[in-house]
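Take a look at the structure below.
None of these values were measured; they are calculated from a predicted model. Heavy-atom basis, side chains included; hydrogens, waters and symmetry copies ignored.
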Protein chains: 12
Amino acid sequence: MSDHHTYKLIEIVGSSPNSSDEAIRNAIAEVGKSVKNLEWYEVVESRGHIVNGAVGHFQVTLKIGFRIEGS
Amino acid sequence: MSDHHTYKLIEIVGSSPNSSDEAIRNAIAEVGKSVKNLEWYEVVESRGHIVNGAVGHFQVTLKIGFRIEGS
Amino acid sequence: MSDHHTYKLIEIVGSSPNSSDEAIRNAIAEVGKSVKNLEWYEVVESRGHIVNGAVGHFQVTLKIGFRIEGS
Amino acid sequence: MSDHHTYKLIEIVGSSPNSSDEAIRNAIAEVGKSVKNLEWYEVVESRGHIVNGAVGHFQVTLKIGFRIEGS
Amino acid sequence: MSDHHTYKLIEIVGSSPNSSDEAIRNAIAEVGKSVKNLEWYEVVESRGHIVNGAVGHFQVTLKIGFRIEGS
Amino acid sequence: MSDHHTYKLIEIVGSSPNSSDEAIRNAIAEVGKSVKNLEWYEVVESRGHIVNGAVGHFQVTLKIGFRIEGS
Amino acid sequence: MSDHHTYKLIEIVGSSPNSSDEAIRNAIAEVGKSVKNLEWYEVVESRGHIVNGAVGHFQVTLKIGFRIEGS
Amino acid sequence: MSDHHTYKLIEIVGSSPNSSDEAIRNAIAEVGKSVKNLEWYEVVESRGHIVNGAVGHFQVTLKIGFRIEGS
Amino acid sequence: MSDHHTYKLIEIVGSSPNSSDEAIRNAIAEVGKSVKNLEWYEVVESRGHIVNGAVGHFQVTLKIGFRIEGS
Amino acid sequence: MSDHHTYKLIEIVGSSPNSSDEAIRNAIAEVGKSVKNLEWYEVVESRGHIVNGAVGHFQVTLKIGFRIEGS
Amino acid sequence: MSDHHTYKLIEIVGSSPNSSDEAIRNAIAEVGKSVKNLEWYEVVESRGHIVNGAVGHFQVTLKIGFRIEGS
Amino acid sequence: MSDHHTYKLIEIVGSSPNSSDEAIRNAIAEVGKSVKNLEWYEVVESRGHIVNGAVGHFQVTLKIGFRIEGS
């Protein structure tokens with residue numbers, strides 16, 4: 001058994017019409033469909049687009065870290 | 001008709017006693033009273049002041065982008 | 001009486017299973033148990049760990065500023 | 001006569017379907033319609049949107065500095 | 001009465017042949033001629049031009065924050 | 001139908017012996033061979049190598065964002 | 001005797017109604033009341049609040065480094 | 001034959017109980033199992049976790065660049 | 001039992017005449033004499049002083065995170 | 001023969017009335033008059049001055065790396 | 001006559017026991033002894049060392065730009 | 001005798017096939033051949049190139065500070 005792990009970080013933009021936190025949750029849920037061993041996320045950027053003078057979607061860019069299978 | 005648009009970014013601090021997202025919504029609502037064609041925002045800074053050991057107001061600094069009229 | 005104040009900034013990571021804003025509130029509440037004169041906070045980093053493909057805890061790193069007693 | 005000047009910086013996004021430099025020129029031309037005494041610009045960000053797998057528009061964010069009239 | 005305020009930040013370069021602090025004071029004085037409710041400034045950049053091997057002018061770039069009237 | 005999209009960002013270095021903009025176009029063309037739904041790019045770094053005292057290749061590092069299929 | 005020292009950095013905001021440098025001096029004087037072995041400072045941020053259209057206080061955030069006693 | 005290459009950057013966290021450099025070597029060895037044409041790395045972040053008051057693992061985040069096959 | 005923890009970050013400069021990693025280990029060992037529950041570190045800065053044209057001491061600035069007792 | 005090289009980086013501002021890329025080429029050409037072994041450049045800043053409401057000169061700040069002779 | 005100039009930036013730390021501005025002036029005076037055509041400076045870092053609980057020297061790191069002779 | 005010193009910073013990339021620290025030592029040794037009064041270094045960037053799936057050379061970019069002779 002190895003004495004160390006290796007992790008990969010991918011950069012994802014989640015969005016939500018409701019809240020910044022839901023944008024984070026949506027990004028993780030989408031990635032979780034195809035990637036296993038998700039361990040942590042880091043917020044890189046928080047922004048959004050505006051429709052009719054109000055927030056249309058909150059858009060949060062995350063780095064999501066996961067352990068490389070077998071490492 | 002022009003083949004390109006021009007946008008201006010203004011920097012605004014919104015605040016709210018309730019949540020960071022509401023501070024964002026308040027900033028956009030205030031700017032929308034006098035500026036048209038708001039298209040997106042970017043969070044620049046997130047902070048707040050503390051009153052009696054609890055958050056008094058969430059304060060979120062945004063850049064808000066809008067298309068320059070006629071461009 | 002002095003014509004100026006001096007403040008100290010401490011760096012704290014708050015966490016919450018529920019929301020980013022609650023992580024901020026939890027950090028301030030914890031610090032408030034032992035430090036007086038808390039005046040403001042600044043968000044330094046926003047991240048979290050992921051459990052079973054969903055957010056386990058939101059983790060928000062803050063700088064919290066307080067007036068040095070007697071200054 | 002004053003022994004100093006004061007300048008203001010505004011943040012503008014220029015765009016062009018042709019080149020990054022033309023995006024810069026377009027931004028300055030648009031601002032020059034309503035502001036006098038433009039003196040310098042600084043590139044803040046360079047990006048673009050992609051249409052059908054190719055650059056649709058180059059988008060360059062600039063700070064543009066101008067002397068405040070009468071200063 | 002609203003339970004929150006909204007602030008705008010503008011970016012200004014003040015200059016002075018005498019000192020960095022006077023460049024800050026000059027920038028604020030110039031802005032104060034046309035804007036009310038100035039509340040704080042943040043130094044963004046400190047530079048200057050050199051004439052005959054000595055400082056010609058200290059140039060300090062500030063963000064100046066003011067409360068939006070009526071907010 | 002979902003009320004939100006999710007995007008992925010990949011980091012690519014394009015190069016060109018002719019110009020910075022062509023390096024951007026080359027990067028996008030290469031990625032477009034295997035990835036669909038490309039929507040935007042952001043320039044992260046601009047550099048190059050020098051051969052015989054002149055630019056050998058312009059090298060531009062981009063983040064390229066695309067919508068995750070089905071999101 | 002050890003062949004190395006260890007230092008701690010604390011973050012302090014000094015203020016002064018008169019000058020940026022005096023804000024630095026005030027911060028160091030205040031910290032020196034309770035901490036020994038102060039060795040250096042680094043300016044992290046320079047800002048101020050504005051009263052009646054003029055600088056009320058210069059506020060300078062410093063990191064101050066001191067050797068840990070006995071190290 | 002093309003007159004230019006295209007490269008992709010991936011972000012990896014290597015770890016080692018022994019040293020920072022070994023964490024770099026471990027990350028590259030792990031990626032090399034599945035990716036060809038690795039050409040360079042850039043250190044993005046250096047950190048570690050602490051176990052019983054000593055370094056448990058050195059953790060180094062790298063960007064690793066490789067030439068896209070066929071470009 | 002609380003459903004969350006709170007952590008504090010302190011900034012420390014470790015040094016060593018031998019290596020950067022030993023500077024990290026020395027910093028953690030020194031802090032561990034007086035602080036419990038150390039959990040992780042982040043390298044903030046890496047530098048050194050030079051004596052007789054060679055490295056005298058490697059100096060590494062770390063943020064060290066520990067769980068606040070009772071949180 | 002040594003098993004390693006040493007490089008020096010110098011910081012240069014090139015300018016051109018025509019394009020950003022030509023400003024880069026001009027900087028490298030000027031440096032190449034007196035320095036050998038130029039190997040790469042990195043763009044640090046891109047700006048320009050404005051004359052009569054149009055770009056007067058594009059000004060690009062570069063770091064230029066060259067191998068130290070004999071290393 | 002060329003239609004463009006080329007500038008070089010050098011990085012200098014000036015110091016003064018009296019003030020930050022004097023540290024800037026001292027750095028420029030020292031460089032002016034051996035370099036001609038100095039045109040501007042940019043403050044990169046502001047720090048100092050502390051002696052007996054007070055500022056020993058203000059230390060200001062500058063980039064100083066000068067036109068390359070003949071360009 | 002002057003009451004202050006002036007220092008110059010130069011930017012150097014050292015390399016080593018063996019370790020990051022040796023890359024630092026190599027850079028300083030090379031500079032020391034032609035420059036006197038070296039006093040400190042700061043790590044600016046840490047990277048390397050990869051040969052056959054392993055580190056070929058560690059490459060560390062340093063700023064090296066030295067006192068200007070006679071200052």
Can you measure from CG (N26(C)) to NE2 (H4(I)) and round to the nearest 0.5 angstrom?
3.5 Å
If I take atom OG from residue S15(C) and atom CZ from residue R67(I), how far apart are they, to the nearest 0.5 angstrom?
11.0 Å
Between H5(I) and V13(C) (side chain of the first, backbone of the second, donor and acceptor by atom type, cut-off under 3.5 Å), is there such a pair?
no
Could you tell me whether E11(C) and K63(I) make a salt bridge, using a distance below 4.0 angstrom between a side-chain N and a carboxylate O?
yes
Any heavy-atom pair between the side chains of I12(C) and T6(I) that's under 4.5 Å?
yes
NZ/K8(I) to CD/E30(C) distance, rounded to the nearest 0.5 angstrom?
11.5 Å
Can you tell me which portion of T61(C) sits under 4.5 Å from chain I's heavy atoms? Options are side chain, backbone, both or neither.
side chain
Could you tell me which portion of I10(C) (side chain, backbone, both or neither) has an atom closer than 4.5 angstrom to a non-hydrogen atom of chain I?
side chain
Between the NZ atom in K33(C) and the CD1 atom in I68(I), the distance rounded to the nearest 0.5 Å is 9.0 Å
Looking only at A27(C), P17(C), S16(C), S34(C), most heavy-atom pairs under 4.5 Å shared with chain I are made by P17(C)
